[in-house]
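So the structure is just underneath, and the comments pick up after that.
What you see below is based on every heavy atom in this structure, not just the backbone, and it leaves out hydrogens, waters and symmetry mates.
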Amino acid sequence: MQVGITHGTASCDRLLTPFSDTLCRDDARFVDAVRAASPIIAESADLARRFYAILIGREAVEFEPWLAQALGSAIASFARGLRRDIDAVRAALILPWSTGPVEGKINKLKLIKRSMYGRAGLDLLRARIMA
């Protein structure tokens, strides 16, 4: 969630995450003040925390009620995006497989390719990846 406000060294998007229970006293007071001043931000932060819990806990049953509530909130555009790819979201919650290892290999390949931009051809790229 991008809020764009900073408080000390922390930005509000970090302060309103699921990990906000570990905040120092001053940051916790600031978060309480922001939540009290803006019910929209408070609701959005609560929905973000619930979504995080659904993903981490793989609670597919909780997703539909969350989606219905999110569609009527300030994060409706995010919820509509999830609804457009609902089959992939359900699969992520239900199935045990992950594309994480593949994504990691793709990221490494792109990093190597960018670092060589314009300097070498496919042979060098292949050699660096295989090394």
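Residues satisfying the side-chain contact (heavy atoms from CB on, under 4.5 Å) test with S38, not counting sequence neighbours, are I40, I41. The salt bridge (charged side-chain N to carboxylate O under 4.0 Å, His left out) check on E64 picks up R90, with sequence neighbours excluded. With sequence neighbours left out, R50 forms a salt bridge (charged side-chain N to carboxylate O under 4.0 Å, His left out) with no residue at all. A search for side-chain contact (heavy atoms from CB on, under 4.5 Å) contacts involving R83 returns L67, L71, R80, not counting sequence neighbours. For R58, there are no salt bridge (charged side-chain N to carboxylate O under 4.0 Å, His left out) partners at least two apart in sequence or on another chain. R126 meets the salt bridge (charged side-chain N to carboxylate O under 4.0 Å, His left out) test with D123; sequence neighbours excluded.
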Show the numbers, then the answer: is there a side-chain contact (heavy atoms from CB on, under 4.5 Å) between F63 and L82?
CA-CA 11 Å; F63 178 67; L82 291 175; 4.3 Å; yes
Worked check of side-chain contact (heavy atoms from CB on, under 4.5 Å) between R35 and D46:
CA-CA 10 Å; R35 290 176 64 87; D46 291 342; 2.7 Å; yes
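For I94 against A60, the heavy-atom pair with the smallest separation is CG1-CB, 3.8 Å. The two residues A70 and L47 come nearest to each other via the heavy atoms CA-CD1, 4.1 Å.
Aromatic ring pairs are classed by plane angle as parallel below 30°, tilted from 30° to 60° and perpendicular above 60°; the pair F78 and F51 is perpendicular.
Salt-bridge check for D26 with R29: passed, with a basic side-chain N closer than 4.0 Å to an acidic carboxylate O.
Note on I106: it does not cluster hydrophobically with I112, by side-chain heavy-atom contacts below 4.5 Å among ILVMFWY residues.
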